[in-house]
There are 2 protein chains.
Amino acid sequence: MDLSAKSEYALLALLELSPHYASGEPLQIRQIASQQSIPDRYLEQLLATLRRAGLVKSQRGARGGYILARDPWKITLYDVVSCIEGFEPQADPPQVSDTPEALVIQDVWGEVRQAAEGVLQRYTLQDLVEKRNAKQQIDIMYYI
Amino acid sequence: MDLSAKSEYALLALLELSPHYASGEPLQIRQIASQQSIPDRYLEQLLATLRRAGLVKSQRGARGGYILARDPWKITLYDVVSCIEGFEPQADPPQVSDTPEALVIQDVWGEVRQAAEGVLQRYTLQDLVEKRNAKQQIDIMYYI
DNA sequence: ATTATACCCCGGTTCTCCACTGGGGTTTGC
DNA sequence: GCAAACCCCAGTGGAGAACCGGGGTATAAT
């Protein structure tokens with residue numbers, strides 16, 4: 001029922017990358033990690049997964065780093081979470097039993113899952129960036 | 001993101017109890033467990049939790065067992081899952097970090113959770129019983 | 001060319017939690 | 001009384017999450 005810290009880390013990283021997509025300048029793991037207080041060696045693994053899924057591109061060597069593979073409007077939270085959580089390929093959800101009652105429950109489980117995925121599909125990275133900006137705007141208003 | 005086997009077991013048990021609510025006759029752990037292929041000593045714990053949550057009542061001693069505490073129309077899947085999964089009392093979802101980005105993500109996490117809970121709140125035990133009956137009706141049609 | 005920087009790959013470790021098991025008790029109908 | 005059933009509490013095995021580390025490889029800058 002809960003989304004893991006793993007997914008949250010991945011999203012945080014991509015949110016850091018989003019504003020730098022336009023300029024094309026790569027961001028290093030260390031930068032992202034310290035900015036969002038993520039263990040850097042762990043973040044490295046997550047970024048590798050995101051790269052294999054085609055969500056980010058990497059530039060190796062000195063002054064390298066990561067950039068978003070496409071526009072932050074074109075990446076949904078579902079894209080991120082599904083590839084991190086790895087729940088794409090398995091067409092066989094582990095069935096506990098197969099009585100008629102169990103089958104009905106599986107159906108409901110599917111509906112719950114779809115409802116959750118629906119929310120994630122409705123948000124893009126850019127949506128979150130703007131949500132954050134809006135929040136900070138409010139903070140500034142209160143400050144003045 | 002996934003609902004545990006624990007919740008599925010609990011639901012299966014309550015679905016077994018539902019048709020017996022009208023008669024008031026208790027059902028024993030063993031019966032339910034063998035009917036739904038649930039490890040009986042494990043089911044015992046789950047039923048204890050459900051009892052403490054006020055969803056079932058127990059009759060001790062010889063010829064005892066469990067009965068639903070109220071009408072199967074009046075018990076939602078949310079009632080069951082929330083008490084089994086134990087995600088009611090904790091008002092403090094473990095925050096990984098507290099940057100503005102993290103807060104925005106927490107908001108989305110909340111929305112996902114709400115969407116999932118919404119589905120569960122829309123179903124009652126009796127809904128599932130009837131869904132199962134409908135499915136079996138279809139099976140019979142095919143059989144003829 | 002050399003060197004420093006940063007990604008890349010692969011493996012191990014620790015910790016927590018789920019699913020399950022077991023050993024006793026206590027209540028109740030016959 | 002005694003057997004059937006619930007009750008309580010404690011422990012165990014395995015899996016996965018969250019990290020950590022070592023050593024490699026590509027690349028930019030000098």
Side-chain angles (χ1 to χ4, degrees), chain A residues 1-13 16-17 20 24-34 36-53 55-69 81 83-87 90 94-97, chain B residues 1-13 17 20 24-34 36-53 55-69 81 84-87 90 94-97:
Chain A
M1 196 71 170
D2 29 66
L3 287 290
S4 59
K6 209 166 158 185
S7 295
E8 182 165 344
Y9 286 156
L11 276 179
L12 286 171
E16 284 291 314
L17 293 181
H20 295 76
E25 281 296 303
L27 228 68
Q28 293 100 346
I29 291 180
R30 300 271 183 71
Q31 312 272 325
I32 303 169
S34 75
Q36 294 292 339
S37 342
I38 304 172
D40 50 358
R41 301 301 262 108
Y42 189 43
L43 179 58
E44 192 180 344
Q45 293 175 26
L46 303 182
L47 284 170
T49 303
L50 294 173
R51 183 179 55 81
R52 281 188 281 269
L55 292 177
V56 297
K57 280 188 280 195
S58 65
Q59 176 68 24
R60 305 182 61 163
R63 303 196 58 80
Y66 287 92
I67 54 175
L68 242 45
V81 173
C83 99
I84 283 294
E85 225 78 4
F87 58 54
Q90 64 200 46
Q95 308 233 140
V96 181
S97 93
Chain B
M1 195 70 170
D2 28 65
L3 286 290
S4 58
K6 208 167 160 186
S7 295
E8 181 165 344
Y9 286 155
L11 276 178
L12 285 171
L17 293 181
H20 295 75
E25 281 297 302
L27 227 68
Q28 293 98 349
I29 290 180
R30 298 272 183 70
Q31 312 271 326
I32 304 170
S34 75
Q36 295 291 339
S37 340
I38 304 172
D40 52 357
R41 303 299 263 107
Y42 189 43
L43 179 58
E44 191 180 344
Q45 293 175 27
L46 303 182
L47 284 170
T49 303
L50 293 172
R51 183 180 52 81
R52 281 188 283 267
L55 292 177
V56 298
K57 280 188 281 194
S58 64
Q59 175 69 24
R60 305 183 62 165
R63 302 197 56 80
Y66 288 90
I67 54 175
L68 240 46
V81 173
I84 282 294
E85 223 77 5
F87 58 54
Q90 63 201 48
Q95 308 232 142
V96 180
S97 91

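A quick note: this is a predicted structure, and the numbers were derived from the prediction, not measured. Side-chain atoms are counted along with the backbone in the values below, which use heavy atoms only and exclude waters and symmetry mates. Sequence lines set the chain letters: A, B, ... in the order given, protein chains first and strands last, and positions in each chain run from 1.
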Rounded off to whole Å, could you give me the [atom1]-to-[atom2] distance for the [X] and [N] pair?
{"X": "B:Y42", "N": "C:dG22", "atom1": "OH", "atom2": "C1'", "value": "16 Å"}
{"X": "B:L12", "N": "C:dA19", "atom1": "CG", "atom2": "P", "value": "13 Å"}
{"X": "B:Q31", "N": "D:dA4", "atom1": "CD", "atom2": "P", "value": "13 Å"}
{"X": "B:D40", "N": "C:dT21", "atom1": "CG", "atom2": "P", "value": "8 Å"}
{"X": "B:L3", "N": "C:dC18", "atom1": "CG", "atom2": "P", "value": "13 Å"}
{"X": "A:L46", "N": "D:dA17", "atom1": "CG", "atom2": "P", "value": "11 Å"}
{"X": "B:E8", "N": "C:dC18", "atom1": "CD", "atom2": "C1'", "value": "15 Å"}
{"X": "B:K57", "N": "C:dT28", "atom1": "NZ", "atom2": "C1'", "value": "18 Å"}

If I take atom CZ from residue B:R52 and atom CG from residue B:L47, how far apart are they, to the nearest 0.5 angstrom?
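The distance works out to 10.5 Å.
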Please list, one pair per line, the donor and acceptor atoms closer than 3.5 Å that link side chains of residues 27-34 of chain A to other protein atoms, with sequence neighbours excluded.
from, atom 1, to, atom 2, distance (Å)
A:S34, OG, A:R30, O, 3.3
A:S34, OG, A:Q31, O, 3.2

Least distance between heavy atoms, B:L46 atom then B:A10 atom:
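Shortest heavy-atom contact: CD1-N, 4.2 Å.
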For a side-chain contact (heavy atoms from CB on, under 4.5 Å) with A:I84, tell me which candidate from A:L55, A:T49, A:L11 qualifies.
A:T49
Readout for nucleotides 3-17 of chain C: B = base within 4.0 Å of protein heavy atom, S = sugar-phosphate only, - = neither; 5' to 3' it is --BSBBB-B------
Heavy-atom distance under 4.5 Å between the side chains of A:I67 and A:H20, does that happen here?
no
For B:R41, what residues pass the salt bridge (charged side-chain N to carboxylate O under 4.0 Å, His left out) criterion, not counting sequence neighbours?
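For B:R41 the salt bridge (charged side-chain N to carboxylate O under 4.0 Å, His left out) partners, ignoring immediate neighbours, are B:E44.
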Is the phosphate of D:dC19, meaning OP1 or OP2, less than 4.0 Å from a side-chain N or O of A:Y9?
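True: A:Y9 side-chain N/O within range (under 4.0 Å) of D:dC19 OP1/OP2.
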